[in-house]
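Heads up: the structure comes next, in structure tokens.
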Amino acid sequence: MKNLALPLPRAAAILALAGFVVAFGPRPAAADGGDILIRNGTILTVTKGVIARGDILVLGGVIKAIGPDLAAPPGVRAVDAAGRFVVPGLIDSHTHIAVAGTNEGSEAITPEADVGAVVNADDASILTALSGGVTMVHTMHGSANPIGGPNVVLKMKWGRPSEELVVAEALPTLKFALGENVKQANRTVAAGRERRYPATRMGANAVIRRELEKARNYMARWDRYKKAAAAKNPPRTLVPPKKDLRLEVLAEMLRGERVARCHSYQATETLEFMGLAREFGFKIQCFEHCWEGYKIAGEIAAAGIGISGFADNWAYKMEAAEGIAEMAGYCARKGVLVSINSDSGERIRRLFNDAAKTMKYGGLSEDEALRLVTINPAIQLGVDRIVGSLEVGKQCDVAIFSGHPLSAYARCDMTIIEGRVYFDREALAREREAAAPAAAAAREVGGLQ
Amino acid sequence: MIRRTVIAAAIAVFVIAVAAGPLLAAREPGPAPAQAAPDKVLAIVNARIVPVVGPEISKGTIVVRNGRIEAVGAEAAVPAGAEVVDAAGLRAYPGMIDGCSSLGLVEISGVAATVDNQETGRINPQVRAIEAVRYDSMHIPIARSNGITAAVAAPSGGLIAGVSCLLRLDGWTHRQMVVEPAAAMQIELPGLRAARGAFAGRRSGPPPADGPALLKELRRIFGEARAYEKRRDAAAGNGLLALPEFNETFEAILPLLKGRMPAMIAVHGERDIRAAIAFVRDENIKAVFYGAEQGFKAAGEIAKAGIPVILGSLYDLPPVWEDGYDALYRNPGILAAAGVKIAFSSSSASLAKDLPYHAAKAAAFGLDRAEALRAVTINPAEILGIAATMGSLEKGKAANIVLADDDILEMRTNIRKVYIDGREVDHSNRYTELLDKFRR
């Protein structure tokens, strides 16, 4: 049996490798300078209206001009977008893709567990994101813990090394979570093992408060130390406080250098977290999912907090059973900065479809709906100065759709980041065709259907 | 103990919430009232009629009497005394039919107390979805108000999951909703992802599921069921022969073997599809394939076998990466072009409303748009054997009519009115109730 078992993983590895090449094609060449001319498309700028037929000139990854009949310097690649729609690359404000590991769930408080430290540029989800016109994502720590860890903003530069994906300009964020996931309500506890604290919403609030108090205290100890150390004659016995990597992250947040992104479902827990933010003076940038946000839209809007939620993915657990497809549109109309997220390596490629649903259920206009997956998430991530709309001076992150992106019949044909083509549907189809014999051979080796 | 209390509390809250919901709501999304009197006639006028079967009528009338379509056409006369609905600016479509859902069987997928679609064990032909359909499921009015008027509610899991039913999405009880109490015997071969995951050593637990081996097991069970029937029938006609002990598995399978019910066989990979085609032929059963994610690799053979395909959710990644990122999206178009009769399914309860968008997604990747529309209307009706009464706007068929302000497969389109058997159904649902309740 043992001898038989050996070849299987090897065959699987060959198969996986072949599959990889066939599915995705060769990775893009290093740098073509980020120069491109996108011609004759219908341009949905998001912030500056619609240009029925126009060109976008990109040099060095940055949009240099938008208008009719632009000329490009010699040698610059031209992409014909006639009959197609050119839109800002879509931005997903809440995902867990392109990282090796999502949840440090062994403890309830893990602000030191930084998702940005484990970026995985080989995750196929990057390609699925690109295939739906998504150019930037906020990859977050999971929701296992009341205080998770720092998150990371990534561009979907398929084929580039991890460090090139990270968007340094983005606002530093920290993941918080409330409700069923953190109280582990849907988890079976192994026999003989204690249930993890917290197991209630009371407990979840209490541990967050405790950690915030600890962080405050930590900051005060450091302040005292620094003050004493800066004195003319510091006492000889002066020693610095012990460095605490957990509390350092919370201190960053309390100093305003990092914002909170909080996974919440129920109205009560959401309001209570807002209370903590007021009490401790930190900024909640966004509530995640926030399925009951429509019940307290006024309060959320008044506090200047955003929502990053689903279009209609609901009823998968008790706290998601009062989610309504009208949530995003209703809250947006109440003045909340709303984005639609995928939270999924699959839904991410139909983010534009999810945005369209807010027109039917939330009564949003085309323009408002498109904002939910472009400029609004860009604002939430603090990158609206560089992406999120098509404007001269911004980075050229663009998706080209076969039809209006809010049409169910639309297909993403090309995705461009900083003037470089990272997804080209036609080229991919040609490569797939060419690689078909190799794939067939790999299937033979693997012995799979 | 604490855990049990928490669960009990959660269930109690849910039960109370569900029970109290309708009392709190302004309007209760119950079934539509009967069309007032037999002599009462409904006439939908000035509609752009998309009958699905036959050419589109740019401006026409649909006359409904006794829940059935009496006339459709540009020239159809409005009978005297008819209730007239002016549908100017609207398109009239037949109600859509979901080829496979878990409507009425799953409320909140993560709350076990509300999940009734998956029986334990592997061989469960004796379980019947109709006996468990929660007729006041919160998901039904949401799907209905998006133009879906009938759906297969199917059990799932194991090798033989049970018997699905076909429901019209309106009625005071689940029995009133029945179109076909035994729509199909649900049989499930392993998904490609499960097979591959196990193969690559990524999963612990049972060995990889093997489609052909499972079909072999089915052949054995079917054979035993036939032998059982022979013994049983022989004993019935001859008091001297021993009457075999009652066997619920065989008894439940016999309607399938007798051709009184089709099998809906969930089959995914190319190899399993080929094996299943042979299985269906050899066992001489009526069959529909479900899923068929690699159907595009055997489209000609499926077409030749005359086996229709109910596609699984397109809200999924390709189970085999080398098929291409868009394999699931391209599959329906390739199958249809090869001559396979296809229908779409939501494969869901909470997102059953999204049925039309699966069709549109396939249309974005090569499926003819008209065929995409057929694949949520007349095709499922034909596959499920109810095309005489549903699936198109034709004289004599049930008046399942949807009035929409644009293309019914578009997400942004608003559904203005839905009729089931000529009755206008209530548009209120869980979404609208909650929004009304909390609107400030």
Side-chain angles (χ1 to χ4, degrees), chain A residues 8-9 12 15-16 18-20 22-24 124 127-128 131 185-186 189 195 199 294-295 297-298 312-318 320-322 324-326 330 345-347 349-350 353 356-357 359-361 366 369 402-403 406-411 425 428-429 432 435 439 442-443 446 448-449, chain B residues 2-3 6-7 10 13-14 17 107-111 138-139 142 146 192 195-196 199-201 211 269-272 294 315-318 320-326 329 349-351 353-354 356-357 360-361 363-365 369 407 409-415 430-432 434-435 438-440:
Chain A
L8 293 180
L15 190 65
F20 213 64
V22 179
F24 308 134
L127 189 102
T128 60
S131 75
N186 304 314
V189 180
R195 182 164 274 283
Y294 64 96
K295 299 182 182 179
D312 56 6
N313 175 47
W314 73 302
Y316 42 87
K317 53 182 170 176
M318 196 62 221
E322 299 212 344
I324 60 173
E326 288 85 347
Y330 179 81
E346 186 278 317
R347 236 176 348 255
R349 61 178 181 164
R350 46 190 176 86
N353 295 148
K357 288 171 173 175
M359 297 180 70
K360 180 203 206 76
Y361 288 104
E366 271 182 7
S402 62
L406 298 172
S407 166
Y409 297 113
R411 185 188 62 221
R425 180 178 155 70
L428 210 53
R432 186 161 59 215
R443 275 200 300 277
L448 265 188
Q449 46 187 325
Chain B
I2 288 170
R3 174 174 160 73
V6 169
I7 291 173
V13 168
F14 174 68
E107 282 302 282
I108 304 171
S109 54
V111 179
M138 62 188 181
H139 301 300
I142 291 172
N146 203 30
L192 280 164
R196 165 158 295 196
F199 180 78
E270 180 185 2
R271 178 198 60 180
D272 286 1
Q294 280 190 335
Y315 292 170
D316 204 355
L317 293 169
V320 177
W321 272 112
E322 60 259 38
D323 289 348
Y325 81 98
D326 53 357
Y329 297 165
S350 62
L351 287 176
K353 71 172 181 65
D354 277 15
Y357 315 140
K361 185 61 83 181
F365 285 78
R369 282 196 192 188
D407 186 328
L409 301 188
E410 287 277 16
M411 282 125 193
R412 56 194 291 176
T413 296
N414 296 299
I415 306 299
R430 177 88 161 173
Y431 293 166
T432 62
L434 284 167
L435 191 58
F438 290 98
R439 193 188 289 278
R440 287 193 254 168

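Lettering of chains follows the sequences in order, A, B, ..., and the numbering in each one begins at 1.
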Mind checking the [atom1]-[atom2] spacing from [X] to [Y]? Nearest 0.5 Å is all I need.
X: B:Leu434; Y: A:Tyr330; atom1: CG; atom2: OH; value: 12.0 Å
X: B:Tyr329; Y: A:Arg411; atom1: OH; atom2: CZ; value: 12.5 Å
X: B:Trp321; Y: A:Leu127; atom1: CH2; atom2: CG; value: 6.5 Å
X: A:Asn353; Y: B:Tyr315; atom1: CG; atom2: OH; value: 6.5 Å
X: A:Tyr361; Y: B:Asn146; atom1: OH; atom2: CG; value: 4.0 Å

Can you tell which part of B:Arg439 gets under 4.5 Å to a heavy atom of chain A, answering side chain, backbone, both or neither?
both
B:Leu409 versus chain A, the contacting section by heavy-atom distance below 4.5 Å
both
Please check if the side chain of [X] supplies one atom and the backbone of [Y] the other of a donor-acceptor pair under 3.5 Å.
X: B:Arg412; Y: A:Glu366; value: no
X: A:Arg349; Y: B:Tyr325; value: yes
X: A:Lys360; Y: B:Thr413; value: yes

Between A:Glu346, A:Met359, A:Arg425, which residue shows the highest count of heavy-atom pairs closer than 4.5 Å to chain B?
A:Glu346
I'd like to verify something: which residue of A:Lys317, A:Glu326, A:Arg350 has the highest number of heavy-atom pairs under 4.5 Å with chain B?
A:Arg350
Measure across [X] and [Y] and return the closest heavy-atom pair with its distance rounded to 0.1 Å.
X: A:Lys295; Y: B:Arg440; result: O-NH2, 2.6 Å
X: A:Gly345; Y: B:Leu317; result: O-CD2, 3.8 Å
X: B:Ala364; Y: A:Ala408; result: CB-O, 4.3 Å
X: A:Ala321; Y: B:Arg430; result: O-NH2, 2.7 Å
X: A:Ala325; Y: B:Tyr431; result: CB-CE1, 3.5 Å

Is the shortest heavy-atom distance from the side chain of B:Asp326 to the side chain of A:Arg432 under 4.5 Å?
yes
Assess the residue pair A:Met318 and B:Ile108 against the criterion (side-chain contact (heavy atoms from CB on, under 4.5 Å)); give the C-alpha distance rounded to whole Å, side-chain angles, the decisive distance to 0.1 Å, and a yes or no.
CA-CA 7 Å; A:Met318 196 62 221; B:Ile108 304 171; 4.0 Å; yes
Could you look at A:Ser407 and say if it's the side chain, the backbone, both or neither that has a heavy atom under 4.5 Å from chain B?
both
Under 4.5 Å from any heavy atom of chain B - which part of A:Ala356:
both
